[in-house]
Protein chains: 2
Amino acid sequence: MAEPTANEGQSLTRNQGAVLSALKGADKPLTAYDILGLPKIRKAGLKAPLTIYRALDKLMDQGLVHRIESLNAFVHCDHGPHDHATGFLICSDCGRTLEVHLDDCEDHLAGRAREQGFAVDAVKVEMTGRCPDCAAAEAARSRTS
Amino acid sequence: MAEPTANEGQSLTRNQGAVLSALKGADKPLTAYDILGLPKIRKAGLKAPLTIYRALDKLMDQGLVHRIESLNAFVHCDHGPHDHATGFLICSDCGRTLEVHLDDCEDHLAGRAREQGFAVDAVKVEMTGRCPDCAAAEAARSRTS
DNA sequence: CGGATAATGTTATTATATAACGTTTAAGGC
DNA sequence: GCCTTAAACGTTATATAATAACATTATCCG
């Protein structure tokens with residue numbers, strides 16, 4: 001299923017490469033301005049918001065980066081290129097995200113849309129909650145309080 | 001029509017009523033600033049963004065209004081209060097939205113999350129595409145071009 | 001080469017959302 | 001009633017997110 005990530009050496013410009021690298025180095029989604037503030041990025045010569053947004057747009061076109069709507073932030077896609085839409089689990093404590101495959105759920109959702117005459121282009125699923133680590137930490141807190 | 005009728009026992013404040021009424025009167029999601037710009041709203045004495053956002057927050061708490069993340073906009077919930085999460089179909093042509101029930105799909109999605117140790121609080125689904133009207137209009141255009 | 005196309009640089013501006021702090025309003029106990 | 005208190009509200013300022021407009025440079029390909 002995981003086709004080799006041939007995408008990467010292929011067609012990224014310097015700016016796009018720098019932004020993708022920044023996202024890969026982060027352990028959670030970054031906003032465009034988070035990225036802009038990284039020393040690595042400043043050193044690479046990127047210094048305007050638009051520069052970041054343009055790189056992000058291209059990276060999203062190629063499926064290498066996803067936008068998390070409810071955070072106005074961006075994450076590196078760690079599943080390789082996929083045609084199936086994916087969903088995100090967003091931890092409201094630590095801000096980290098987990099990517100999950102939608103599988104047949106995507107079809108189910110799109111099917112419901114079509115029942116109403118709606119032509120679906122894209123499906124976005126975002127779930128908020130507590131990640132395993134933060135859920136455990138919370139449980140520990142409530143035991144000792 | 002202008003009256004914020006008693007919605008489910010919960011009483012709304014003057015500001016909340018005005019904002020809800022504005023959303024009910026719109027045929028598509030409105031941003032906070034869209035709402036702020038409405039004559040009805042200005043006449044009701046609401047004149048700062050924060051006033052609108054505070055009202056929206058309370059309305060969302062009560063499940064009377066939903067936020068569309070990918071539009072940064074808000075819609076009146078026309079399904080009455082529900083504990084089941086709903087999804088939205090968003091027309092990229094006209095900007096109108098359709099609300100759809102997720103039903104068992106919600107459980108399926110939350111189940112996948114739990115498999116990974118994630119405790120889900122909320123599920124958001126947003127689908128982009130063309131509504132029935134705009135899909136028909138597009139088909140007509142392509143026939144005559 | 002030379003012309004087209006995509007990417008970038010730069011500045012300014014628009015759009016979206018919240019902070020901070022003081023005042024008013026409304027609900028409930030006595 | 002009237003006191004207490006929490007919620008809601010008003011106002012100003014500011015933070016955060018995204019795009020507009022236009023000039024310049026790099027890249028592809030005949």
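Every heavy atom of this structure was used, including side-chain atoms; hydrogens, water molecules and symmetry mates were not. Just so it is clear, the structure is predicted and the values come from calculations on it, not from any experiment. Just so it is clear: chains get the letters A, B, ... in the order the sequence lines come, proteins before strands, and each one is counted from 1.
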Of the listed C:dA17, C:dG9, C:dT10, the closest approach to the A:K47 side chain comes from C:dT10
So, A:E126 side chain and A:E69 main chain: donor-acceptor pair closer than 3.5 Å or not?
yes
Rounded to whole Å, how long is the line connecting atom CG of A:N15 with atom C1' of C:dA6?
13 Å
Measure from CG on A:L71 to P on D:dT16 and round the result to the nearest Å.
15 Å
Under 4.0 Å between a side-chain N/O of B:T31 and OP1 or OP2 of C:dT16, yes or no?
yes
Do side-chain atoms of A:S92 reach the backbone of A:G129 as a donor and acceptor pair under 3.5 angstrom?
yes
Contacts of A:R54 and A:A32 projected onto DNA chain D by closest heavy atom; the upstream (5') one is A:A32
Within the pair A:T13 and C:dT8, is there a side-chain N or O less than 4.0 Å away from OP1 or OP2?
yes
Winner on side-chain proximity to A:P49, out of C:dG9, C:dA17, D:dT19, is D:dT19
Taking N and O atoms by type only, does the side chain of A:Y33 place a donor or acceptor under 3.5 Å from a partner on the base of D:dA15?
no
Taking OP1 and OP2 of D:dA7, is either one under 4.0 Å from a side-chain nitrogen or oxygen of B:R14?
no
Select one nucleotide: of C:dT8, D:dT12, D:dC9, the one nearest the side-chain heavy atoms of B:L50.
D:dT12
Would you kindly give the CG-to-P distance between A:D57 and D:dT19, to the nearest whole Å?
7 Å
Nearest-Å distance, CD1 (B:I52) to C1' (D:dG10)?
13 Å
Spacing of A:F74 atom CZ relative to D:dA17 atom C1', expressed in whole Å:
9 Å
Nucleotide nearest A:Y53 (side chain, heavy atoms from C-beta), chosen from C:dT8, C:dT18, D:dT19:
D:dT19
Where the side chain of A:Q16 is concerned, which of D:dA20, C:dA7, D:dT11 is the nearest nucleotide?
C:dA7
Write down the distance between CG (B:L36) and P (C:dA17), rounded to a whole number of angstrom.
13 Å
Do any side-chain nitrogens or oxygens of A:N72 fall under 4.0 Å of OP1 or OP2 in D:dA18?
yes
Testing the basics here: between A:R130 and A:C91, what is the closest heavy-atom pair and its distance to 0.1 Å?
CA-SG, 4.0 Å
Here the distance between atom P of C:dT25 and atom CG of B:L12, to the nearest Å, is 19 Å
May I have the distance from A:R42 (atom CZ) to C:dG9 (atom P), rounded to whole angstrom?
12 Å
Non-hydrogen atoms of A:M127 and A:V100 that approach each other most closely:
CE-CG2, 4.2 Å
Between B:L12 and B:L64, which heavy-atom pair has the shortest distance, and what is it?
CD2-CD1, 4.0 Å
